[in-house]
Amino acid sequence: MLASRAYVGSEALPVSIGFRSAAEDGRQTDAVGKMPAPGPSVMGGNSWTKRSLSPDYTCTEDINLTKERLERARAEGVLDVYNTVRLMRQQRVNMVQSFEQYVFVYDSLLEALICGDTTVSSHAFPELFNELCLFDPDIGKTKLEEQFEILKLLSTTIERDESTTALRPENIFKNRCKNIVPANRCRPYLMTPVDGSNDYINAVFLNCYRRRDGLLVTQMPLPNTVTDFWRLVHDHNSNTIVMLNDLDTKDETCQQYWTEDTCGSIYGPFLVETTAQIISDPAYTVRDFTLTNSANPAQSPRHIRQFHFHRWAEGAAVPPSPRSFLLLAAAVWNWHAETGHNPITIHCM
C-alpha cells in the first residue's frame, strides 16, 4: 500500500493507493471459474499530459517504480532507488522526470515500509478490529494505538507560510481558531461580489470516497462571516449542508445563518427562506431552504437542504452513538444522490 496526504486546516488525512490482485478487484472469471492467465500490464500516456490534466496526478512510472522497489525491499531487505532509476532510464529516457517525482518515490517507500499493508476485506474486518483492540504486552499498548502513533508520525502539518491568505490582516478575524486555517492551495474562492468582502473564507476542499473535491469543510459562521458562508454555498453550487454542532446561544461567536421567520432573512445579496423543518429522527433535524440571489434576478432560486446533527457534544472527540452518525450519513447520501454530485458543505464549531 502506498499513501499520500490530503490536508484539512492543520491536519493531514491518509489516502491509500492499494495494489490488489485480480480476485480482490472482483473481476469476472472465465466459464470454468479460473482467472485468465495474467499478461504484462499496459500503462500508457505521457506524464506531462497527465500532470497538465491534474496537477497532483502521480505518474504511472512513479507508481511502477515504487511498487517494484517495495517488492524487492520486502524480498531482499535492501533498497537502491538511485540505481533502479538509472537503469530504468536506459530503457526510457528521462524516466522520473522531476525532483518532486523522485522525492515522491522515497516518501512512498518509507511510508509503505513503516505502515505495511493495512487493507482488509470487509468480512474479516470485525475480527481484525477486535484483535487490534487487544492489549499487547510486548509493546505495552494495543495494536490500534500503535497504528495511530505511526499515522501521527507520518502526518505532515501545514507550515505558516502556506496559509498566507488566511493570516492577512483583513482575514485574520474571519477565523474562529487562529491555528486552524486553510492552506492557500486547498481553499475555495468566493466569487459573488459583496462590498467590503474579498474571496476568502475559512474552508477547504476535501476529497470524499466518491469524487474529488466532493466536500467543502468549514467552520460554524461567525457574526461577520454569515454572508460569506452563503457565498460559499452559492458559488460552489452546494445543495447540501451538514451541521455537526448545536447552536450555543451563550456563545456570541456562534451565529445562526437561517431564520424561522416566514419572510426569510437577507444576508448580503442573498435571501434565505426556511420552507420546511422535519424532525424525522431524534438524532438530526432536516431543514429546507430556498436561496435567492437578488443580485442576479435571472437566476432561479436554489433548493438547499440542511442536516442538523444533535448527537455530537461540544468538546467530545467523537459522537456517543455510531449508529446515529451512520443514519445521518445515509440520509445525506440519499439526498445527495437525488440532487447530483455537487459538493457537500460540512461545518462544525
Check whether the side chains of N342 and N237 place a donor and an acceptor atom closer than 3.5 Å, and report yes or no.
no
Does S98 reach the main-chain N or O of Q101 with its side chain, forming a donor-acceptor pair under 3.5 Å?
yes
Is it true that a side-chain atom of N207 and a backbone atom of D213 form a donor plus acceptor pair closer than 3.5 Å?
yes
Hey, does the side chain of S324 reach the backbone of S321 with a donor-acceptor pair shorter than 3.5 angstrom?
yes
Donor-acceptor pair between N83 and D80 side chains, under 3.5 angstrom
yes
For the side chain of E127 and the backbone of A124, is there at least one donor-acceptor N/O pair under 3.5 Å apart?
no
Would Y257 and F229 satisfy ring-ring contact (aromatic ring centres under 6.0 Å, His included), going step by step from the backbone distance to the final call?
CA-CA 8 Å; Y257 53 87; F229 176 82; 4.5 Å; yes
Exam field: side chain R89 to backbone V96, donor-acceptor pair closer than 3.5 Å:
yes
Pi-cation contact, F325 with R323 (under 6.0 Å, within 45°):
no
Donor-acceptor under 3.5 Å (W335 side chain, T339 main chain):
no
Could you verify whether a donor N or O on one side chain and an acceptor N or O on the other, from S108 and E111, lie under 3.5 Å apart?
no
With side-chain hydrogen bond (donor to acceptor under 3.5 Å, both in side chains) as the criterion, how do H236 and S238 come out once you've worked through the C-alpha distance, each side chain's angles and the decisive distance to 0.1 Å?
CA-CA 6 Å; H236 293 278; S238 178; over 6 Å; no
Donor-acceptor pair between T164 and N184 side chains, under 3.5 angstrom:
yes
Under 4.0 Å between a Lys/Arg side-chain N and an Asp/Glu carboxylate O for E131 and K143?
no
Working to the nearest 0.5 angstrom, can you tell me the gap between C263 SG and E273 CD?
8.5 Å
Please report the interatomic distance CD1(I304) to CG(D288), rounded to the nearest 0.5 Å.
10.0 Å
At their closest point, which heavy atom of Y284 faces which heavy atom of A331, and how far apart are they?
OH-CB, 3.4 Å
Distance check, rounded to the nearest 0.5 Å: D248 atom CG versus Q255 atom CD?
12.5 Å
Heavy-atom count around R160 CZ within 6.0 Å, excluding the residue itself: above 12?
no
Taking the side chain as every heavy atom from C-beta outward, state whether V194 and P269 have any pair of such atoms under 4.5 Å apart.
yes
Does any non-hydrogen side-chain atom of E170 lie less than 4.5 Å from one of N198?
yes
Measuring centre to centre across the rings, with the benzene-like ring taken for any Trp, is F270 within less than 6.0 Å of H234?
yes
Check: P282 main-chain N/O paired with R311 side-chain donor or acceptor under 3.5 Å:
yes
Roughly how far, to the nearest 0.5 Å, is CG of D107 from CD of E100?
12.5 Å
Please report the interatomic distance OH(Y267) to OG(S294), rounded to the nearest 0.5 Å.
13.5 Å
Could you check whether D235 and T192, counting side-chain N and O atoms only, form a donor-acceptor pair closer than 3.5 Å?
yes
side-chain contact (heavy atoms from CB on, under 4.5 Å) test vs P182 passes for just one of T218, V217, V204, namely V204
Output the distance between atom OG1 (T292) and atom CZ (R302), rounded to the nearest 0.5 Å.
10.5 Å
Out of T225, N202, I201, which one pairs with N175 under the side-chain contact (heavy atoms from CB on, under 4.5 Å) rule?
N202
Using the ring centroid of each side chain, check whether F289 and H303 are separated by less than 6.0 Å.
no
Check for a donor-acceptor pair, side chain of R176 on one end and backbone N or O of T253 on the other, with a separation under 3.5 Å.
yes
Parallel, tilted or perpendicular: which fits the ring planes of H308 and W258, with parallel below 30° and perpendicular above 60°?
perpendicular
Backbone N/O of D261 and side chain of T259: donor-acceptor pair under 3.5 Å:
yes
